[in-house]
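Report on the structure given below.
Values reported hereafter were calculated over all heavy atoms of this structure, with side chains retained and with hydrogens, waters and symmetry mates removed. The chains referred to below are lettered A, B, ... by the order of the sequence lines, with proteins before strands, and numbering in each begins at 1.
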Protein chains: 2
Amino acid sequence: MPTINDVAKAAGVSPSTVSYVLSGRRPISAETRARVQAAIAELGFHPHAGARALASSKTNVIALVAPLRVDVNVPVIMQFATAVVTAARSYNHDVLLLTKDEGTAGLERVAHSTMVDALILMDLERDDLRIPALRKLKQPSVLIGLPADHTGIACVDLDFGAAARTALSHLAGHGHRRIGLVGPSPAVYRRQTTYADRFLAGFLEASADLGLRTVTHPCEPGAEGVRSCMADLDAELDGLTALVVHNEEALRPLLDLLRATGRRVPEDISIVAICPRDVAISMPVNLTSIDIPAHDVGTLAVETAMRLLEGRRVEYTRLLEPSLVERDSCREISTSHR
Amino acid sequence: MPTINDVAKAAGVSPSTVSYVLSGRRPISAETRARVQAAIAELGFHPHAGARALASSKTNVIALVAPLRVDVNVPVIMQFATAVVTAARSYNHDVLLLTKDEGTAGLERVAHSTMVDALILMDLERDDLRIPALRKLKQPSVLIGLPADHTGIACVDLDFGAAARTALSHLAGHGHRRIGLVGPSPAVYRRQTTYADRFLAGFLEASADLGLRTVTHPCEPGAEGVRSCMADLDAELDGLTALVVHNEEALRPLLDLLRATGRRVPEDISIVAICPRDVAISMPVNLTSIDIPAHDVGTLAVETAMRLLEGRRVEYTRLLEPSLVERDSCREISTSHR
DNA sequence: AGGCTCCGTCGAAGCGCTTCGACGATGGCT
DNA sequence: AGCCATCGTCGAAGCGCTTCGACGGAGCCT
């Protein structure tokens with residue numbers, strides 16, 4: 001492996017000049033620059049990352065802390081990860097992948113040993129123990145999610161409260177007055193993953209504002225979970241004409257159940273789902289849905305991190321506006337139901 | 001951030017002694033060691049990764065090159081990734097995540113700049129362009145998959161040929177003689193991802209050996225793809241009593257289709273699936289399946305990489321034996337069909 | 001008792017890069 | 001004509017660690 005010294009000799013300049021050609025931090029004449037670049041190309045020189053990190057205290061690596069349990073939401077997590085890696089590369093950074101289950105120790109390890117310049121975390125819980133640890137690090141961090149006390153830490157996410165409101169307004173606009181929420185599984189609420197709470201709060205608020213009759217229920221995974229969730233919803237409020245579904249896993253069994261029980265979508269019952277686009281269009285009925293913009297969120301997280309690294313100001317809480325896409329699962333309510 | 005010098009002063013020893021305590025490369029007396037460790041703990045010392053890499057030319061990082069397209073097989077990819085990260089951590093390594101679409105350039109970048117000690121790649125194609133590039137690197141690499149010319153590069157994967165044979169033997173053992181293969185999507189064959197070919201070859205071979213009547217067909221994604229695949233299979237061989245399904249996406253729509261057309265599983269038609277365990281048991285019928293042991297494969301890939309780094313000998317091609325788990329989708333063929 | 005061999009520790013030399021201060025050479029002022 | 005900036009380049013220091021050779025002391029042998 002050639003070093004910067006080899007390049008310098010080949011180009012007949014000093015190593016520092018090569019460095020300045022590479023970094024552009026000082027003006028270098030066009031001829032010299034050309035000569036240096038030729039030498040770099042010819043020798044196939046790549047600066048040694050460790051040496052660089054040591055001398056400059058910059059690694060050009062960011063950490064991504066992902067929940068690598070394999071249960072739920074895998075595609076969404078993957079979308080986040082893809083977006084983060086792609087965006088990071090566009091800023092000439094690489095991504096070190098950590099698992100959530102290393103907890104606080106993992107963060108501290110990579111931060112203290114100066115392996116990364118910044119951290120991006122996903123799947124934050126309401127009172128996430130990692131937050132205080134993050135505050136102590138010299139590297140900045142960006143959260144995908146919105147834990148309770150996030151002062152001083154940048155957060156990026158979909159505005160789940162607004163998403164709930166958007167869903168309900170859409171249904172209300174189509175004349176629906178009795179609406180059920182099929183929520184995430186109880187496990188999600190238990191973990192206090194923040195999007196669930198925020199969605200529920202927005203739902204209840206909008207329901208009141210719009211004067212709707214609504215009922216909400218978490219939904220266990222699997223066909224049985226869906227059956228009992230629907231039973232509960234029906235029991236607590238009869239004449240449901242629409243459902244908001246904030247639970248990707250439940251979608252397919254729910255549609256199966258509705259079909260089996262003779263409730264047609266959207267003729268008898270309308271549905272708005274909160275899920276990634278590709279999930280919405282892979283169902284037997286193309287679902288009117290509010291997208292979970294994993295790509296945008298991931299990209300924005302990286303952009304925010306980069307801004308932070310440049311010492312620029314950032315908005316510390318960025319909640320992306322939800323956007324509802326109409327497909328085939330919502331219909332103006334038939335007058336008989338009004 | 002304290003440095004090794006700070007620790008040395010605090011413990012009243014030289015920096016090299018601290019280093020030897022850390023690495024264990026030379027004997028250090030118990031008392032000295034204790035004093036040094038106390039100092040390390042007290043100061044919260046973490047060695048600087050870059051400095052370490054520079055001095056020792058070891059990074060303790062491995063690259064994982066994953067296909068981050070979000071279409072197919074996401075859960076399996078995630079399982080591989082999880083296993084790799086977890087295993088790497090158990091060897092005190094971290095994982096740098098690269099996307100496949102950076103191609104050769106990405107590999108060369110991280111290798112030449114000495115960011116990683118070894119590379120693990122997944123989703124290899126038959127004549128993968130990255131193979132020759134890998135051969136030129138000074139770092140060793142391990143492939144998850146089995147491209148055509150892999151001489152000198154370690155490969156790890158499920159033995160898909162054996163998996164096909166196992167599936168057919170199982171069905172033959174239950175009296176089935178007319179069997180269809182629902183293959184991966186044509187896109188997978190087109191990409192020449194190697195597992196598809198290997199499975200197909202094993203299938204045809206075993207079919208001949210066992211004297212079976214079989215027919216095979218790729219299967220486009222979605223309900224329509226499944227419908228036309230089944231139509232083709234039925235047209236080319238009537239009296240099918242069993243299916244081997246090597247296409248996770250197709251499973252659900254296939255089961256829907258069979259139900260809709262009045263073919264009961266397993267009463268009228270038996271099914272063996274090749275898919276991860278959790279997919280097999282999340283279907284309306286619990287499927288008899290051959291697991292894709294993503295966890296084992298990922299772990300083995302890391303172990304192999306570590307062996308290579310230690311300069312130990314490894315088996316250059318490790319194909320894991322398939323194991324079939326009986327569940328509810330296979331049945332002894334009824335005599336009327338014999 | 002003298003010579004060896006270990007053992008435990010130290011000092012110093014790098015690893016390959018960035019960055020700061022310095023310096024000669026230009027060129028634009030007054 | 002003389003002075004001061006500015007430009008382009010160089011040299012050297014230093015980032016924090018590992019590792020090699022060296023060295024005093026202890027224990028063993030003969």
Anything under 4.0 Å to a heavy atom of chain A counts; send over the first and last such nucleotide of DNA chain D, read 5' to 3'. dG8(D) to dG16(D)
Across all chains, not counting sequence neighbours, the salt bridge (Lys or Arg N to Asp or Glu O under 4.0 Å) partners of Arg26(B) are none
By ring pair (Phe, Tyr, Trp, His ring centres under 6.0 Å), which residues pair with Phe160(B), not counting sequence neighbours? Tyr195(B), His246(B)
Tell me which residues in residues 3-17 of chain B lie within less than 4.0 Å of DNA chain D, going by non-hydrogen atoms. Thr3(B), Ile4(B), Ser16(B)
Quick one: list whatever passes salt bridge (Lys or Arg N to Asp or Glu O under 4.0 Å) with Glu102(A), sequence neighbours left out. Arg109(A), Arg89(B)
For Asp101(A), which residues count as a salt bridge (Lys or Arg N to Asp or Glu O under 4.0 Å) partner, sequence neighbours excluded? none
Students should find that the end-to-end axis angle of the helix from dA1(C)-dT30(D) to dT30(C)-dA1(D), with five pairs defining each axis and rounding to 10 degrees, is 40°
Do any pairs count as a side-chain hydrogen bond (donor to acceptor under 3.5 Å, both in side chains) and have a residue in residues 40-56 of chain B, sequence neighbours left out, and if so which ones? His112(A)-His46(B)
Does anything in residues 30-60 of chain B reach DNA chain C, meaning a heavy atom under 4.0 Å, and if so which residues? Thr32(B), Leu54(B), Ala55(B)
Which residues share a salt bridge (Lys or Arg N to Asp or Glu O under 4.0 Å) with Arg313(A), sequence neighbours left out: none
Would you please name every residue forming a side chain to side chain contact (heavy atoms under 4.5 Å, CB included) with Tyr316(A), sequence neighbours left out? Ala154(A), Leu308(A), Val314(A)
Asp159(B): partners by side chain to side chain contact (heavy atoms under 4.5 Å, CB included), with sequence neighbours left out: Ala162(B), Leu319(B), Pro322(B)
